[in-house]
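Have a look at the structure below before the remarks.
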Amino acid sequence: MQNARQNFYLDISGLMLPVSNKSLYPLKFQDKPRLTYSGSFFYSIEINGSFYKLPQASNIKKWTTEVPDNFRFTYKLWRDITHNKQLLFKFEDVDRFMLVIEASGDKKGSLFIQFPGSNDVSNIRQLEKLLVNIKDTRLSDGGI
């Protein structure tokens, strides 16, 4: 029987550590990025910034080197996809987003999709199209 804990990831939204002065970090983390320190006690992080701006694949690739092997990144879907009137998004934007987050390789965790409060059941067909587009993107491997 598979251990349920293997699929459970506790994460934080963004990288806000209670200690901003790195001189107060444990010695082995004082010369490391904050993400490395965070990765020493969390197994995942939500990349909230991907909601506002599409991150660069090179930055994502760098982040993957700063965390343990069992660490996962949760990406918040870009608002240019989710926050259009009547949920009218561009299919190429979804593909572009998925291509960029693919840079996290096997550290790609969940996809967090946030909609505006004005979104309602009248947009159900567009929501279905979005979910199918995400599922069918050439990069989707079932991990997201």
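Listed by first and then second residue, the side-chain hydrogen bond (donor to acceptor under 3.5 Å, both in side chains) pairs involving residues 57-69 are Lys62-Glu66 (not counting sequence neighbours).
Between the CZ atom in Phe71 and the CG atom in Leu35 there is a gap of 5.5 Å [rounded to 0.5 Å]. Once rounded to the nearest 0.5 Å, the distance linking OH of Tyr25 with CD of Gln30 reads 10.0 Å.
You'll find the side chain of Glu46 stays beyond 4.5 Å of the side chain of Phe51, heavy atoms only. Looking only at side-chain heavy atoms (C-beta outward), Ile134 and Leu130 come within less than 4.5 Å of each other. Annotation: side chain of Pro26 is in contact with side chain of Tyr37 (closest heavy-atom distance under 4.5 Å).
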Which is it for Ile45 and Phe73 under the side-chain contact (heavy atoms from CB on, under 4.5 Å) test, yes or no, and what are the steps along the way? CA-CA 5 Å; Ile45 190 169; Phe73 292 92; 3.6 Å; yes
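Distance alone, capped at 3.5 Å, places no donor-acceptor pair between the Thr82 side chain and the Phe115 backbone. Formation of a donor-acceptor pair under 3.5 Å by the Arg72 side chain with backbone atoms of Asp106 is found in this model.
Linking Ile, Leu, Val, Met, Phe, Trp and Tyr whenever their side-chain heavy atoms come within less than 4.5 Å leaves Val132 and Ile113 in two separate clusters.
Relative ring orientation between Tyr75 and Phe97 is described as perpendicular, the plane-to-plane angle rising above 60° on a 0-90° scale split at 30° and 60°.
Considering only residues two or more places apart in sequence or on other chains, Gln126 meets the side-chain hydrogen bond (donor to acceptor under 3.5 Å, both in side chains) condition with Lys129.
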